[in-house]
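I have placed the structure first, in the form of structure tokens, so that the comments after it can refer back to it.
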Amino acid sequence: MSEDSFTPRFSPVEINYLRDDHILEIIWDDGLTSKFSAELLRVESPSAEVQGHHPSEKKIIPGRRHVGIIDIVPVGNYAVRITFDDLHDSGLYSWQYLRDLHANQDQLWADYLRALEARGLSRDPVRR
């Protein structure tokens with residue numbers, strides 16, 4: 001493999017967490033601006049805990065309507081590790097993963113809502 005195989009195609013120039021709105025904003029070096037809800041990032045975490053090791057193993061994570069982000073830590077020059085306020089922190093969000101998420105977020109969100117409904121689950125946290 002060439003050295004370029006590991007070089008991200010796009011890189012963020014700025015990453016902001018809009019705490020009141022629970023939105024992660026990324027401004028990319030090509031001028032694109034991505035905005036992701038913390039809820040979408042959490043339920044689409046690239047971790048094995050959420051994605052499994054095969055597409056058929058993907059878990060539907062309910063009750064995260066109000067999830068927030070408590071930490072964003074760079075991992076090398078290719079990713080960030082996000083810690084959510086439900087303490088999930090095992091996914092590495094590569095720049096490529098985030099670009100793909102940007103391109104597909106409307107479809108992923110619609111699929112997520114359909115999966116919740118099909119299983120009788122809710123975006124709202126369980127009341128205790």
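Computed from heavy atoms alone, side chains included, the values below leave out hydrogens, waters and symmetry copies. Note that the structure is a prediction, hence the values are computed from the model and not measured.
In the hydrophobic cluster analysis, where Ile, Leu, Val, Met, Phe, Trp and Tyr join through side-chain heavy atoms closer than 4.5 angstrom, Y93 is grouped apart from I23. Note on L98: it does not cluster hydrophobically with L18, by side-chain heavy-atom contacts below 4.5 Å among ILVMFWY residues. Following chains of ILVMFWY side-chain contacts shorter than 4.5 Å, one can reach L40 starting from I72, so the two form part of one hydrophobic cluster. Cluster annotation: I70 and L24 are assigned to distinct hydrophobic clusters (Ile/Leu/Val/Met/Phe/Trp/Tyr, side-chain heavy-atom contacts under 4.5 Å, transitive). By the rule that hydrophobic residues join a cluster once side-chain heavy atoms approach within less than 4.5 Å of another member, V43 and L121 end up as members of one cluster.
By the side-chain contact (heavy atoms from CB on, under 4.5 Å) test, H88 is found to be paired with R42, S45, S47, E49, V50, F84, D86, S90, residues two or more places apart in sequence or in another chain being considered.
Taking every heavy atom of both residues into account, H22 and V67 meet most closely at ND1-O, 3.1 Å. Heavy atoms only, all atoms of each residue included: G68 and Y17 are closest at CA-OH, 3.5 Å. Shown here for W95 and W28, the closest heavy-atom pair between the two residues is O-CH2, 3.6 Å. Residues A79 and S94 approach most closely at CB-CA, 3.6 Å, considering heavy atoms.
Of the possible polar contacts, one joining the R81 side chain to the D89 backbone as a donor-acceptor pair under 3.5 Å is found. In this structure a side-chain-to-backbone donor-acceptor pair under 3.5 Å is missing from H53 to A48.
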- Verdict with reasoning, Y78 to L92, per side chain to side chain contact (heavy atoms under 4.5 Å, CB included): CA-CA 9 Å; Y78 68 94; L92 288 183; 4.1 Å; yes

- Query: How far apart are the C-alpha atoms of E39 and Y112, what are their side-chain angles, what is the distance that settles it, and do they pass the side chain to side chain contact (heavy atoms under 4.5 Å, CB included) test?
  - Reply: CA-CA 11 Å; E39 182 180 8; Y112 172 66; 4.0 Å; yes

- Message: Is there a side chain to side chain contact (heavy atoms under 4.5 Å, CB included) between R123 and H66? Walk through the geometry before answering.
- Response: CA-CA 9 Å; R123 292 176 55 214; H66 307 293; over 6 Å; no

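In this structure, the separation between CD on Q96 and CZ on R9 is 7.0 Å, given to the nearest 0.5 Å. Distance check, rounded to the nearest 0.5 Å: CZ of R64 to CG of L41 gives 14.0 Å. Once rounded to the nearest 0.5 Å, the distance linking CD1 of I15 with CD of E25 reads 10.5 Å. Atom NZ in K35 sits 11.5 Å away from atom NE2 in H102 (nearest 0.5 Å). Interatomic distance, CZ of R99 versus CD1 of I26, reported as 9.5 Å (0.5 Å rounding). We find the CZ-CD1 distance between R19 and I69 to be 9.0 Å, quoted to the nearest 0.5 Å.
I27 shares a hydrophobic cluster with V13; the chain of contacts runs through ILVMFWY side chains whose heavy atoms sit under 4.5 Å apart.
Look at D111 and K58 and you find no salt bridge, because none of the NZ, NE, NH1 or NH2 atoms lies under 4.0 Å from a carboxylate O.
For E117, the CD atom is loosely surrounded, since the number of other residues' heavy atoms within 6.0 Å does not exceed 12.
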